[in-house]
Amino acid sequence: MGGTALVGIQWGDEGKGKVTDLLAEHTDYVVRYQGGNNAGHTIVVEGERYALHLVPTGVLYPHCTPVIGPGVVVSPPVLIEEMDALQARGVDTGKLLLSGNAHLIMPYHLELDRVIERRLGKNRLGTTKRGIGPAYADKAARIGIRAQDLLDSKIFGRKLEVALKEKNLLLTRIYGRLPIESSAIEDEYLAFGIRLSAHISDTTHVLHSALDRGDHVLFEGAQATMLDLDHGTYPYVTSSNPIAGGACAGAGVGPRDIDRVIGVCKAYCTRVGSGPFPSETDPADAEILVDVGAEYGTTTGRKRRCGWFDAVAGRYAARLNTLTELVMTKLDVLSAFETIKVCVAYQYKGHRYEDFPPNQTIFNKCRPVYEELPGWSEEIGGARKAEDLPKGARSYVERVEELLATPVSWVSVGPSRDHTVKMGYG
Ligand code: GDP
Ligand code: IMO
Ligand code: MG
């Protein structure tokens with residue numbers, strides 16, 4: 001049995017946490033391969049709500065081993081706090097594995113994320129201010145500090161000194177901030193290393209053995225396709241590769257280790273932070289979507305921007321990720337509308353784009369071309385089988401399948417595990 005990748009196909013917050021949790025029931029390993037605690041995955045189990053940021057969703061099942069792969073950036077105090085909070089609620093985190101190659105988010109990365117955003121002013125990205133971009137920048141510049149460095153006080157001290165020399169110049173001379181003392185960080189981080197030492201391991205080897213044994217491995221994407229550093233709406237993106245291909249680099253497996261790629265989409269779109277969003281709704285419809293869909297960020301609490309389903313971006317994501325299937329979440333939220341719009345193309349300077357446009361200017365300035373579909377105006381939270389869904393809801397799902405040329409295997413009609421409808425495929 002090969003691995004499964006699960007990715008968001010929009011701008012994040014599609015409900016990946018809920019869907020990963022559903023799949024984890026039949027999974028041996030759940031692996032995060034990119035991003036950090038900019039992610040916020042909400043899972044509702046028997047009325048209990050869990051908001052996971054760094055710990056992979058599989059932690060909620062005792063049979064599952066949660067793995068944080070080499071491609072993730074990790075803040076040790078955030079990880080420890082999240083593990084402690086889970087333990088306090090009776091969730092065992094003893095099996096969690098953290099790759100020794102994962103890079104660390106350090107206090108100066110947090111400070112830099114804040115001051116860079118401030119300096120960008122109206123051009124700011126609206127980051128989660130979790131230090132993600134600066135940590136990945138150091139990784140690419142080859143001056144990052146990795147989880148394994150926490151286990152060797154000499155190496156850690158040396159790397160910290162090198163990093164701080166440069167960072168303190170930046171912080172004091174460019175951004176007018178106070179320097180960061182290495183002694184304050186060093187003791188604290190070495191203590192985090194002692195605490196995490198039982199979890200730090202060669203996760204790449206562990207996953208190779210698991211895949212070779214035929215265990216089922218699920219690669220849990222954070223963020224989403226349109227926030228991908230190389231393929232999303234640059235520069236309004238995150239600093240990693242959430243796409244399915246990113247699972248290979250970020251977890252250390254090969255393309256042939258993944259034979260199922262699940263794309264998670266909301267029945268509409270949301271986006272947090274700045275950047276173009278062609279199918280953004282008018283304020284009145286956004287208010288309904290925010291209210292009914294409780295569209296507030298799990299990580300920062302920010303109100304999410306809302307849009308209609310964007311089939312142009314969806315088709316692009318389906319191809320980029322080579323999706324084998326889609327899971328559509330939050331269909332219940334659309335019961336609030338008499339008619340529902342779907343963006344089927346973009347219009348720019350008299351040209352109609354059905355494929356994702358080749359440059360940023362077009363994407364920034366294009367207008368959406370909508371198709372308007374009839375709604376169903378009835379509650380669907382109780383639906384458990386495809387036949388329980390009203391005709392309008394089924395037609396909506398079928399239209400999305402057609403536009404993305406990808407079958408929908410499950411539809412989610414509420415936040416809990418049981419709010420799920422199995423469709424024709426999967
Ligand atoms: P993720 O980052 O992709 O895991 O998504 P988030 O957890 O940030 O945001 C999705 C939100 O929608 C969470 O609050 C979920 O509990 C909730 N949710 C997931 N699926 C459904 C659904 O089908 N209907 C409704 N009403 N809420 C859902
Ligand atoms: P999950 O996994 C939605 C957005 C931020 C900002 C941009 C860059 O819950 O879907 P960063 O802090 O990553 O440098 O911010 O990316 N962003 C997300 N938006 N869901 C997320 O994660 C996100 N993680 C980052 O709002 O626009
Ligand atoms: Mg989220």
Side-chain angles (χ1 to χ4, degrees), residues 7-8 11-12 31-41 53-56 67-79 98-120 123-150 156 159-160 162-164 166-167 170-171 174-175 180 185 189 203-204 219-252 272-275 299-300:
V7 296
W11 281 270
V31 188
R32 276 283 306 272
Y33 56 89
Q34 47 68 233
N37 62 308
N38 47 350
H41 300 167
H53 299 284
L54 202 46
V55 174
V67 177
I68 299 178
V72 177
V73 285
V74 175
S75 163
V78 168
L79 178 58
L98 165 62
S99 167
N101 288 355
H103 279 250
L104 301 182
I105 299 177
M106 301 295 291
Y108 43 85
H109 294 134
L110 296 174
E111 182 75 352
L112 281 169
D113 203 355
R114 277 193 291 267
V115 293
I116 292 170
E117 279 283 272
R118 205 172 303 151
R119 209 162 106 108
L120 282 171
N123 294 320
R124 71 182 174 275
L125 307 181
T127 74
T128 58
K129 300 201 175 75
R130 299 299 191 267
I132 305 295
Y136 276 116
D138 276 3
K139 170 178 171 173
R142 292 157 297 181
I143 52 167
I145 303 180
R146 299 190 290 176
Q148 59 184 286
D149 300 329
L150 291 172
F156 183 77
K159 290 195 173 184
L160 183 62
V162 170
L164 275 180
E166 188 234 359
K167 295 299 179 282
L170 263 177
L171 288 172
I174 310 256
Y175 296 107
I180 293 176
I185 300 181
Y189 274 64
T203 59
T204 306
F219 300 94
E220 176 186 20
Q223 291 79 55
T225 304
M226 301 308 288
L227 291 173
D228 186 278
L229 179 60
D230 294 293
H231 307 284
T233 52
Y234 190 88
Y236 299 102
V237 293
T238 192
S239 297
S240 66
N241 292 112
I243 57 166
C248 293
V272 198
S274 326
T299 300
T300 56

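Values in this document were obtained by computation on a predicted structure and should not be read as measured data. Index from 1, following the sequence. Atom set for the values below is all heavy atoms of this structure, side chains included, hydrogens, waters and symmetry mates excluded.
Contact of the Val72 side chain with the Leu54 side chain is registered, since non-hydrogen atoms from C-beta on lie closer than 4.5 Å. Here the side chains of Ile132 and Thr127 are not in contact, with every heavy-atom distance at 4.5 Å or above. Proximity of Thr203 to Pro70: side-chain heavy atoms (C-beta onward) are separated by under 4.5 Å at one or more points. Under the 4.5 Å side-chain criterion, counting only non-hydrogen atoms from C-beta, Leu164 is not in contact with Met106. Here the side chains of Leu79 and Val55 are in contact, with some heavy-atom distance below 4.5 Å.
Among all heavy-atom pairs drawn from Tyr108 and Ala163, the shortest one is OH-CB, 3.4 Å. Ser99 and Ala147 get closest at one heavy-atom pair: O-CB, 3.5 Å. Considering every non-hydrogen atom in both Arg32 and Pro56, the closest pair reads CG-CG, 4.0 Å. Minimum heavy-atom separation, Gly126 to Ser274: N-OG, 3.7 Å. Here the closest non-hydrogen pair linking Val7 and Ala244 is CG1-N, 3.7 Å.
Scored by the side chain to side chain contact (heavy atoms under 4.5 Å, CB included) test, Ile143 finds Asp138, Ala141, Glu166, Lys167 as partners (sequence neighbours excluded). Under the side-chain hydrogen bond (donor to acceptor under 3.5 Å, both in side chains) criterion, Thr225 pairs with Asn321, sequence neighbours left out. In this view, Pro107 and Ile185, Tyr189 satisfy the side chain to side chain contact (heavy atoms under 4.5 Å, CB included) rule, not counting sequence neighbours. Considering only residues two or more places apart in sequence or on other chains, Lys159 meets the salt bridge (Lys or Arg N to Asp or Glu O under 4.0 Å) condition with Asp149. Not a single salt bridge (Lys or Arg N to Asp or Glu O under 4.0 Å) links Asp113 to another residue, sequence neighbours left out. Under the side chain to side chain contact (heavy atoms under 4.5 Å, CB included) criterion, Ala135 pairs with Val73, Ile105, His109, not counting sequence neighbours. Applying the side-chain hydrogen bond (donor to acceptor under 3.5 Å, both in side chains) rule to Thr233 yields the partners Arg271; only residues at least two apart in sequence or on another chain are considered. Shown here are the salt bridge (Lys or Arg N to Asp or Glu O under 4.0 Å) partners of Arg124, two or more places apart in sequence or in another chain: there are none. With sequence neighbours excluded, the residues forming a side chain to side chain contact (heavy atoms under 4.5 Å, CB included) with Ala251 are Val31, Tyr33, Leu207, Phe219, listed by chain and number. Residues passing the side-chain hydrogen bond (donor to acceptor under 3.5 Å, both in side chains) test with Glu111 are Arg114, Arg177, sequence neighbours excluded.
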side-chain contact (heavy atoms from CB on, under 4.5 Å) between Phe156 and Leu150, intermediate numbers included: CA-CA 6 Å; Phe156 183 77; Leu150 291 172; 3.7 Å; yes
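Interatomic distance, Ile180 CD1 to Leu112 CG, rounded to the nearest 0.5 Å: 7.5 Å. Note that CG of Asn101 is 13.5 Å distant from CD1 of Ile68, once rounded to the nearest 0.5 Å. Annotation: the span from Lys129 atom NZ to Thr300 atom OG1 amounts to 8.5 Å, rounded to 0.5 Å. Distance check: Leu104 CG to Lys139 NZ gives 11.5 Å after rounding to the nearest 0.5 Å. For the atom pair Asn123 CG and Glu117 CD, the distance stands at 10.5 Å (nearest 0.5 Å). Note: His41 NE2 to His53 NE2 = 9.5 Å, rounded to the nearest 0.5 Å.
Heavy atoms from other residues, nucleotides or ligands lying under 6.0 Å from OH of Tyr234 number 12 at most.
Between the side chain of Arg130 and the backbone N or O of Thr299, at least one donor-acceptor pair lies under 3.5 Å.
Considering His231, Met226, Gln223 as possible partners of Ile243, the one that fulfils the side chain to side chain contact (heavy atoms under 4.5 Å, CB included) test is His231.
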Using a 3.5 Å cut-off and no angle test, enumerate the donor-acceptor pairs between side-chain atoms of residues 235-242 and protein atoms at least two apart in sequence or in another chain.
| unit_1 | atom_1 | unit_2 | atom_2 | d |
| --- | --- | --- | --- | --- |
| Thr238 | OG1 | Asn38 | ND2 | 3.3 |
| Ser240 | OG | Gln34 | NE2 | 3.0 |
| Asn241 | ND2 | Asp228 | OD1 | 2.9 |
| Asn241 | ND2 | Asp228 | OD2 | 3.2 |
| Asn241 | ND2 | Asp230 | OD2 | 3.0 |

